[in-house]
Every structure is written in structure tokens, then in C-alpha cells.
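Have a look at the structure below before the remarks.
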Amino acid sequence: MKHKRIILPAPEPYLNRRKKIIPVSAPLFDGNELAYLTRCIKSGWISSLGSYVEEFEERFSAYCGAGWGVACSSGTAALHLVLAAAGVGRGDEVIMPAFTMISTANAVAYQGAKPVLVDVEPDTFTIRPDKIEGKITKRTRAIIAVHIYGHPADIDPIKRIARKYKLLLIEDAAEAHGARYKGKPAGSLAAAACFSFYGNKIITTGEGGMVVTGNKKIYRRAAYLRDLAFSSARHFWHKELGFNYRMSNLQAAVGLAQLERVDKLVAIKRDNARRYTALLKDIAGIGLPPERPWAKNVYWMYAVTVEKEFGISKDRLRARLAQNGIDTRNFFIPINLQPIYAGICRGNFPVAEELCRKGFYLPSGFNLKKDDIAFIVNTIREARLCWWTRR
Ligand SMILES: Cc1ncc(COP(=O)(O)O)c(C=O)c1O
């Protein structure tokens, strides 16, 4: 218990609202968003029956190099739909990284299955392929590889394991629109992939998500379960338990307009990352986000670690940034340390826990200016200097 207390981040620091606030993320709506929304309103097609939903599904799945898309209400719903469509259920086990957003584990739990955790690689923060086989049992049905903070997981060795044990491989690409693995787009790397379009994502629909897949069976079942499992032969006739996970035409209208500019949006994220890296690289004790040679990292969030050498802890640095109006976020708290999974997901995941202890992300919004980045980096530099001169 003492161990856990040390790992868990401090309560959120006070954000000084008397200063100019630099938010952790902000969307960019400088395309056809308003025009498409206006068309929805003027035509009256605002529910999931409007034509933007299908168009968004077709275009986004094509962008990912996948055959089909099932638009839905969130990334969490997308994960749940894939598992339900594949028949993962009570008593089954699903392997996933310990270091991920709660949604990855929750989607498994919604189906009555058990998340089985694997530690992550220190240099990509994604699941360790060499630790997966040791976690496979007779009950294992699927592996979820999460492309964390925009960096793809090392998918080839995971694919080999999935093939060997006949397991369903799913990408959790909620944070990785436009990312690439050995030149191939996120969304085309496994049997199915799940994206989020929440307000802080690379393309957004406010709230929303999508399953993309090249597997016709998964596609058909996911589409059917998303819409309350309505029978096609007879309306209001339900033989199975479905969900209302539909996406509205209004959301899809925004998504489509965002998708038209996805290359620009990815380029902004990568430019911001380049600027941060150039300024931060000579500050001792700040660990910079990874980009392995085989990866295109889309830097959904610019993720850094605070090492001992820096002099002050991550929590103190975040507090200092917050005093200056700079909003930041802690890294995810590993699933094994979440109270709702205590007792279910036991084990030691030293890398995931270490990342939680020392990692946070800096403002990474589409509205971030060159000067903002310079100000943020200077504030980090000063925090360190202050500490060293006071010693
Ligand atoms: C890795 C990961 N998986 C799943 C999700 C769930 O997406 P949503 O918030 O749209 O439900 C998120 C959301 O941020 C995420 O970061």
C-alpha cells in the first residue's frame, strides 16, 4: 500500500486563472464544419440517419486503409462494440497494456471478461511484445495493443503471437489518427481498430468514435449491435441485446470536415513536437517523447518524463507550470493501481508505474503558438534553475 501511495500523482495543481491560460488541448475548426452543420440543421437530418454518417465511415476507414467503418458514440463504445461483435464474453481473458486509459479495460469488463495486463516498453510506452506469451491461458481470446500518446505499438511481433494462438488482435488507436507503423496507417494493422473523436483528439466530433475493420463479420455485427440490434426484417423486433451507440449526423458532419484537413492537423502536432524537442533537449532531466525508426508518432500529446537529474519532482514542476497558467496532465495511472481493478488485475508492472510516477504531458493544442512553446520551456528551465540556485 505504501508503494502505491508513492506512485500515485499528487492532486491536480491550482491553475492560476489570473494569467493567460495555455490549455492542454484545443480543437481547430477552420474548415467546412459550420457549413456541414448548417446543412444538417436546414435539412432536418440531425439524427444517425443522415448521410454524413455513412460518408464519414467510408472516408475515415479509407483513410486508415481499412475496409469498413462503424461510427459510434465514443472510443470506449468502439472498443466495447468490437469485443461484443467478436463474441468475447464472461470468463474470457483479454491481454492489454497496464499503461492505458481506463476505457481499454472497461470495455473488456462490460462484456464480463477479464483484462490481463502486460507491462510496457520504456521507450514507446506501448505493450511489451516479449511479455505477452507468458500471459496467454486457455481463456485468452484477444489482445489489445494501444498506440499510446500517438506512438504506434510494435505490432509485427504481436501479430505473430496472435496468429500462433488464434487470438483476435485489436488496435486501440484512440490517440493515433494518422500514425504509421513501418509505413502502414494505424487502423490497418490488426483485425479491427478503435478510434476516439473526443474533443481533445486529432480529429474530433465533440464526442464520438469509430471501429474500422477489414473483417466483414466484425463490421456487420458491430453495426448491428450499435443500433440496439434492430432486426432488418421486422422493425422493433430484437433477438439480441444491443446498445444505442449511434453517432449523430451532426457529429459526423463535424468529423467529415475535420477529416478533410487531417494531414494539416497531424502536421501541426508534429511541428509543435519538433519545436518542443529543439528547446527541451538540452535541459538535463527532462525525458523527451519517443519516435522509433519504424514509427510515425503523431504526438497526440507531447509527453515528457521528469528524471531525478532534473532536481524537482514532476508534481512540483506541474505546480510551477500551473502557477504560470500552463495546464498539463499526468500520465495515465496504470490499470493495476485503479481501485476498481484492485484484486482483479494484480501484479507488478514496473515500467507502467514508473511512467505514472514521472510522466506528464505539456500543452499540445492546435492553437499553440511558437511563443507559447518558448514560454513553457522557459518556465521549465526556470523551475530547475530556482531549485539548483536555492540548494
Ligand atoms: C487509449 C484510449 N483508449 C480509449 C479511449 C476512449 O475514448 P472516448 O473518450 O472517446 O470514449 C481513450 C480516450 O481518451 C484513450 O485515450
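Read the numbers this way: they start at 1 and go in the same order the structure lists the ligands and their atoms.
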(request) May I have all residue pairs that pass side-chain hydrogen bond (donor to acceptor under 3.5 Å, both in side chains) and include part of residues 107-122, sequence neighbours excluded? (result)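 Applying side-chain hydrogen bond (donor to acceptor under 3.5 Å, both in side chains) to every pair that reaches into residues 107-122, excluding sequence neighbours, yields His80-Gln111, Glu121-Thr124.
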(message) To the nearest 0.5 Å, what is the distance between CG on Asn336 and CD on Glu353?
(response)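 Between Asn336 CG and Glu353 CD, I get 5.0 Å after rounding to 0.5 Å.
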(message) Once ring pair (Phe, Tyr, Trp, His ring centres under 6.0 Å) is applied, do any residues pair with Tyr181, and if so which ones, sequence neighbours excluded?
(response) Trp294
Quick one: nearest non-hydrogen protein atom to [atom], plus distance?
atom	value
atom 2 (C) of ligand 1	Ala174 CB, 3.5 Å
atom 3 (N) of ligand 1	Asp172 OD2, 2.8 Å
atom 9 (O) of ligand 1	Ser196 OG, 4.1 Å
atom 16 (O) of ligand 1	Glu175 OE2, 2.5 Å
atom 8 (P) of ligand 1	Gly75 N, 3.4 Å
atom 13 (C) of ligand 1	Lys201 NZ, 3.3 Å

(request) With heavy atoms of Ser74 as the reference, note each atom of ligand 1 found under 4.0 Å away. (result) 10 (O), 11 (O)
(message) Restricting to non-hydrogen atoms, name the atom on Ala191 and the atom on Leu168 that form the minimum distance, rounded to 0.1 Å.
(response) CB-CD1, 3.6 Å
Answer with side chain, backbone, both or neither: which part of [X] has a heavy atom less than 4.0 angstrom from an atom of ligand 1?
X	result
Ser103	side chain
Val146	side chain
Thr76	both
Glu207	neither

(message) Check whether Asn324 reaches the backbone of Leu321 with its side chain - one donor and one acceptor, N or O, closer than 3.5 Å.
(response)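 Not confirmed, Asn324 side chain does not pair with Leu321 backbone.
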(request) Report yes or no: is the cationic atom of Lys201 (NZ for Lys, CZ for Arg) closer than 6.0 Å to the six-membered ring centre of Phe195, at no more than 45° off its axis? (result) no
(message) Pairs of nitrogen or oxygen atoms closer than 3.5 Å, one from Tyr198 and one from ligand 1: do any exist?
(response)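 Between Tyr198 and ligand 1, no N or O pair is found under 3.5 Å apart.
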(request) Answer yes or no: is there an ion pair linking Glu57 with Arg226, defined by an N-O contact shorter than 4.0 Å? (result)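 Looking at Arg226 together with Glu57, the answer is yes, because their closest N to O distance falls below 4.0 Å.
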(request) Give a yes/no verdict on whether any heavy atom in Ala107 is under 4.0 Å from an atom of ligand 1. (result)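 Outside the 4.0 Å threshold, so no.
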